[in-house]
Amino acid sequence: MILSDTRILEEIEKGTIVISPFDRKYLGTNSYDVHLGRHLATYKDRVLDARRHNEIEHFEIPAEGYILQPGTLYLGVTEEYTETHAHVPFLEGKSSTGRLGIDIHATAGKGDVGFCNTWTLEISCAQPVRVYAGMPIGQLIYFVVEGEVATFYNKKGNAKYNNRTVKPVESMMWRNEF
Ligand SMILES: Nc1ccn([C@H]2C[C@H](O)[C@@H](COP(=O)(O)OP(=O)(O)OP(=O)(O)O)O2)c(=O)n1
């Protein structure tokens with residue numbers, strides 16, 4: 001089950017969903033539109049290594065926008081800081097961004113109950129496209145969770161992506177043991 005607009009508002013009232021900044025006009029029928037933050041990042045090395053800590057370089061999107069190029073993975077970030085304490089948040093693209101050939105996540109759209117942070121976007125594009133800070137980039141939807149949650153993401157000792165940040169965060173795969 002996905003929360004409707006009125007249910008999302010009720011959860012915000014209760015504090016079990018936090019979206020900051022929040023503007024009622026970005027609430028859809030059963031989703032909330034999130035926006036591209038001004039910080040982008042790219043990996044320093046062209047060849048990434050899943051066992052290593054691959055470092056990134058941050059930069060800001062200028063007022064005139066920034067042209068994304070195919071063949072490069074950009075890490076972006078939502079303007080919105082979110083907390084979801086009782087539901088499973090999912091980050092989805094928007095049809096309008098998809099129609100510009102922009103993907104905002106690479107296989108990872110699911111969030112966890114207890115996730116408290118901005119969302120890192122794994123951005124790629126089909127052809128060069130100019131993007132702007134503050135543009136609508138995706139939408140959050142909220143699923144009802146079935147059963148008790150034993151370990152909330154923000155209580156999990158090894159949660160990799162719960163340290164509050166306004167900049168995108170690189171892959172922490174290196175912290176997995178494999
Ligand atoms: N595009 C995305 C997808 C998810 N997240 C956030 C919300 C999730 O609650 C958190 C962790 O996502 P995963 O569980 O998919 O990531 P990992 O399993 O790699 O990390 P961990 O070991 O911390 O669970 O990252 C994000 O910022 N951007």
Side-chain angles (χ1 to χ4, degrees), residues 2-3 8 11-12 15-22 26 31-43 48-56 58 61 68 72-98 100-126 131 133-178:
I2 294 177
L3 297 195
I8 293 171
E11 296 300 325
I12 289 173
T16 45
I17 290 178
V18 173
I19 302 174
S20 175
F22 175 83
Y26 299 133
S31 62
Y32 185 83
D33 275 359
V34 290
H35 299 82
L36 182 62
R38 67 177 197 280
H39 299 283
L40 285 180
T42 51
Y43 283 99
L48 305 181
D49 184 334
R51 280 206 165 128
R52 276 187 40 229
H53 185 179
N54 300 280
E55 292 182 357
I56 53 175
H58 293 275
I61 302 174
L68 302 176
T72 295
L73 176 66
Y74 299 89
L75 297 179
V77 67
T78 58
E79 270 184 358
E80 289 82 2
Y81 166 83
T82 71
E83 295 184 6
T84 312
H85 297 289
H87 298 86
V88 180
F90 266 70
L91 175 70
E92 285 293 330
K94 289 180 66 63
S95 176
S96 302
T97 41
L100 290 169
I102 303 171
D103 270 336
I104 64 157
H105 64 69
T107 80
K110 175 213 56 111
D112 297 282
V113 187
F115 175 66
C116 301
N117 209 347
T118 51
W119 290 68
T120 286
L121 310 170
E122 302 107 10
I123 303 173
S124 59
C125 61
V131 295
M135 68 181 273
I137 197 76
Q139 51 192 325
L140 292 173
I141 57 178
Y142 294 94
F143 284 84
V144 172
V145 65
E146 169 76 27
E148 287 283 307
V149 175
T151 310
F152 289 86
Y153 191 71
N154 52 343
K155 304 279 188 251
K156 196 173 92 157
N158 58 350
K160 300 191 196 82
Y161 304 110
N162 212 58
N163 293 329
R164 189 165 179 168
T165 174
V166 293
K167 293 184 179 178
V169 178
E170 68 274 31
S171 174
M172 297 288 176
M173 176 67 96
W174 58 274
R175 283 176 45 182
N176 287 67
E177 285 173 18
F178 65 98

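Residue indices begin at 1 and follow the sequence shown. Small disclaimer: the values here were computed from a predicted structure and weren't measured. Both counts, for ligands and for their atoms, begin at 1 and track the order of listing. Just so it is clear, the values below take in all heavy atoms, side chains as well, and ignore hydrogens, waters and symmetry mates.
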What distance separates [X] [atom1] from [Y] [atom2], expressed to the nearest 0.5 Å?
X	Y	atom1	atom2	value
I17	L140	CD1	CG	9.0 Å
T165	Y81	OG1	OH	11.5 Å
L75	E122	CG	CD	7.0 Å

Between [X] and ligand 1, is there a nitrogen or oxygen pair with a distance under 3.5 Å?
X	value
Y161	no
A108	yes
W119	no

*Return the residue, atom name and 0.1 Å-rounded distance of the protein heavy atom closest to atom 28 (N) of ligand 1.*
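The protein heavy atom lying closest is T120 O, 2.8 Å.
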*Identity and distance of the protein heavy atom lying nearest atom 23 (O) of ligand 1*: Y153 OH, 2.6 Å
*Take atom CZ in R175; do more than 12 heavy atoms of anything else shown fall under 6.0 Å from it?*
yes
*Flag yes if more than 12 heavy atoms outside N158 fall under 6.0 Å of its CG atom; otherwise flag no.*
yes
Sub-4.0 Å atoms of ligand 1 with respect to non-hydrogen atoms of [X]:
X	result
K160	19 (O), 20 (O), 21 (P), 22 (O), 23 (O)
G111	7 (C), 8 (C), 9 (O)
D112	8 (C), 9 (O), 10 (C), 11 (C), 12 (O), 14 (O)
E122	1 (N), 2 (C)
A159	23 (O)

*Going by atom types alone, do H53 and E170 pair a side-chain donor with an acceptor below 3.5 Å?*
yes
*With no hydrogens and no angle check, do the side chains of K160 and N176 hold a donor and an acceptor under 3.5 Å apart?*
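Side-chain D/A pair, K160 to N176: present.
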*Please work out which of the three classes, parallel, tilted or perpendicular, describes the rings of F22 and Y32, given edges at 30° and 60°.*
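Aromatic pair Y32/F22 classed parallel.
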*Are there protein heavy-atom neighbours of atom 18 (O) of ligand 1 below 4.0 Å?*
no
*Decide whether the shortest distance between a heavy atom of K156 and an atom of ligand 1 is less than 4.0 Å.*
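In this structure, K156 qualifies as a contact of ligand 1 - some heavy atom is under 4.0 Å.
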*asked:* Any side-chain to backbone donor/acceptor pair from N54 onto R52? Under 3.5 Å, distance only.
replied: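 Confirmed, N54 side chain pairs with R52 backbone.
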*ligand 1 versus K110, non-hydrogen atoms closer than 4.0 Å: side chain, backbone, both, neither?*
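For K110, the contact with ligand 1 is made by both the backbone and the side chain.
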